[in-house]
Amino acid sequence: MSPGEISQSDPHDKSPGCIESAKSPVGETRFPAEESISSSSRPLVVTPVLAGLCVLVFVFMILSKISPIRPSTEQLLHWGANFGPLTLAGQWWRLLSSVFLHIGIFHLAVNIWCLWNLGELAERIYGRAVFLGFYLTAGAAGSIVSLAWHPFAVSAGASGAVFGVAGALIVTFWFGDVPFPRRHIQITLVSLLAFAGYNLLFGFITPGIGNAAHVGGLLAGLVLGYLLHRIGWRATVVITLIVIGAGCIFLARARGYVVHEERGRLALASGKTDTAVDELNKAIFKKPTAAEAYFLLGEAYLKKAQYVQAETAYRRALALRPGANDARYELGLVLAKQGRPQEAMAMFREMQKNEPKNPIAPLGLGRVAMMDQNYGIALAALRRAVELNAFNAQALYDMGIAAMHLQRYDESIDAFTKVLLLQPRNYDAQLKLADAYRDKGMPTEAQAAYERARQLSPNKDK
């Protein structure tokens, strides 16, 4: 099972009683048998506390009526998940809070099982303080790498920290700095390598697993294990703090644009187009190759009816991401709004030729033809769009309008009826259905449809 995030042996055999706590001539750390391995002398403390905190957070989530199987993105963010636009905006505590947060009970169970097995061994070998430091550092490192890799992904889970513990143990067993016979060292080392290799491979081939956190945690654990072996824990702490701080500074510089891009997205969704334009331009200033920021900027300019600026933004988005059909679709609509429908239709026809199974191309062609009042071309294109995607309410609605203009009332009524099956509270579709019944000469059906439209009207209570 994979813990997901949603992410040289000594030449002589050694018996547990023959190793003393000491420093080698080159400064590596040895772990005392009496204080680190004996299960009877020192009970586990850190491992059960870490596991208990993960469980406790999950219990509180359930008590707040969050789904134990699939919590929503908003709920995860509320409870401290790692998310670039929030973490990089100053909520750096999410680097660690996300380590104790899990995306459902199965995610929690797998990570707790791995933590308990690896944590028990690591706590007895390194001691409580060092083990806790390794765990938290690897968890933070995994979160940092996750942000660097996928800054807009919402991630959570202990897997980065667990991989870090595995990495530190791999180095420790590789150098043989444990009071086990050589044969036991070799077996444990092979098991640790198999654990890391299998779970990394599983993470790469399984959608939804944040393998970036796994990689970041594992690398951090390998480095920490090596530093502890070579220079001791005090110097390791200093270097770790410096590296983590430098990583956060680098991350803020390299991925800081996501803060403004997300603010622009939210402003756009709430109708604050001026704020959206300002924030998205800030994102582009920080990262001139941010294709999504250009796409959102084009949408903001389109809502402001600034079509020239919208065209420029969409073309820039397409230059950065040529396969972005959503940007190409919006660009076609912008060209039509600027009085260039033939140019837009030519673009959609070329797109349809290159991607005959893509429903966006005939939808765009149909909508532009509608704007040009070329209803014959529009109806044919929209029929094709519906053939490719029967659940496209926009294509069905536009097809109904085009059919009405061509006095094909049966087809119009059928199209609007299908829209209402997909969107029962679509006022515009209900009103157009009533118009189609009226124009066809079906007054009873038209009257009933008008009454339903009145019930759906946004001005009903005004």
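Annotation for L268 and L296: closest pair CD2-O, 3.8 Å, computed over non-hydrogen atoms. In plain terms, the two heavy atoms of A276 and G264 that are nearest each other are CB-O, 3.5 Å. Closest heavy-atom contact between V419 and A429: CG1-CB, 3.6 Å. The two atoms that bring H102 and C54 nearest to each other are CE1-SG, 3.7 Å, heavy atoms only. Scanning both residues, V368 and P341, for their nearest heavy atoms gives CG1-O, 3.6 Å. Taking every heavy atom of both residues into account, R255 and L88 meet most closely at O-CD1, 3.2 Å.
For OH of Y226, the number of neighbouring non-hydrogen atoms (other residues, nucleotides, ligands) closer than 6.0 Å is 12 at most. Within a 6.0 Å sphere centred on CZ of R94, other residues, nucleotides and ligands contribute more than 12 heavy atoms. More than 12 heavy atoms of other residues, nucleotides or ligands lie within 6.0 Å of NE2 in H405, so this atom counts as buried by the packing criterion. Within 6.0 Å of CG on L406 lie more than 12 heavy atoms contributed by other residues, nucleotides or ligands. Annotation for K272: atom NZ does not count as buried by contact number, only 12 or fewer foreign heavy atoms lying within 6.0 Å.
With hydrogens and angles disregarded, no donor-acceptor distance shorter than 3.5 Å links the side chain of E261 to the backbone of E292. Remark: side-chain polar atoms of R328 are paired, donor with acceptor, to backbone N or O of P322 under 3.5 angstrom. A donor-acceptor contact shorter than 3.5 Å links the side chain of Y314 to the backbone of E299. H260 places no side-chain N or O within donor-acceptor distance of the main-chain N or O of N281, the cut-off being under 3.5 Å.
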Check step by step if side-chain contact (heavy atoms from CB on, under 4.5 Å) holds for L76 and I66. CA-CA 9 Å; L76 291 171; I66 292 176; over 6 Å; no
E387 and R384: salt bridge (charged side-chain N to carboxylate O under 4.0 Å, His left out), yes or no, with the steps? CA-CA 5 Å; E387 286 177 11; R384 178 57 179 162; 3.2 Å; yes
E411 vs R383, salt bridge (charged side-chain N to carboxylate O under 4.0 Å, His left out): CA-CA, chis, key distance, verdict: CA-CA 10 Å; E411 188 171 0; R383 284 171 179 163; 2.8 Å; yes
Which is it for Q423 and Y397 under the side-chain contact (heavy atoms from CB on, under 4.5 Å) test, yes or no, and what are the steps along the way? CA-CA 11 Å; Q423 300 174 348; Y397 180 83; over 6 Å; no
Please evaluate residues I69 and F106 with respect to the criterion side-chain contact (heavy atoms from CB on, under 4.5 Å), reporting the C-alpha separation (whole Å), side-chain torsions for both, the decisive distance (0.1 Å), and the verdict. CA-CA 7 Å; I69 306 297; F106 300 111; 3.9 Å; yes
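Sorted by first and then second residue, the ring-ring contact (aromatic ring centres under 6.0 Å, His included) pairs involving residues 325-364 (not counting sequence neighbours) form an empty list. Sequence neighbours left out, not one pair with a member in residues 417-442 passes ring-ring contact (aromatic ring centres under 6.0 Å, His included).
Within the cation-pi definition used here (under 6.0 Å to the ring centroid, within 45° of the axis), R265 qualifies as a partner of F152.
Residues K432 and D428 are not paired through a salt bridge, judged by the lack of any N-O separation under 4.0 Å between the basic side chain and the carboxylate.
Inspection of the Q430 and N426 side chains reveals no N or O donor paired with an N or O acceptor under 3.5 Å. Between the side chains of E451 and Q447, no donor N or O sits under 3.5 Å from an acceptor N or O.
Scored by the ring-ring contact (aromatic ring centres under 6.0 Å, His included) test, F134 finds Y126 as partners (sequence neighbours excluded).
Considering only heavy atoms from C-beta on, S64 comes within 4.5 Å of W79 through its side chain.
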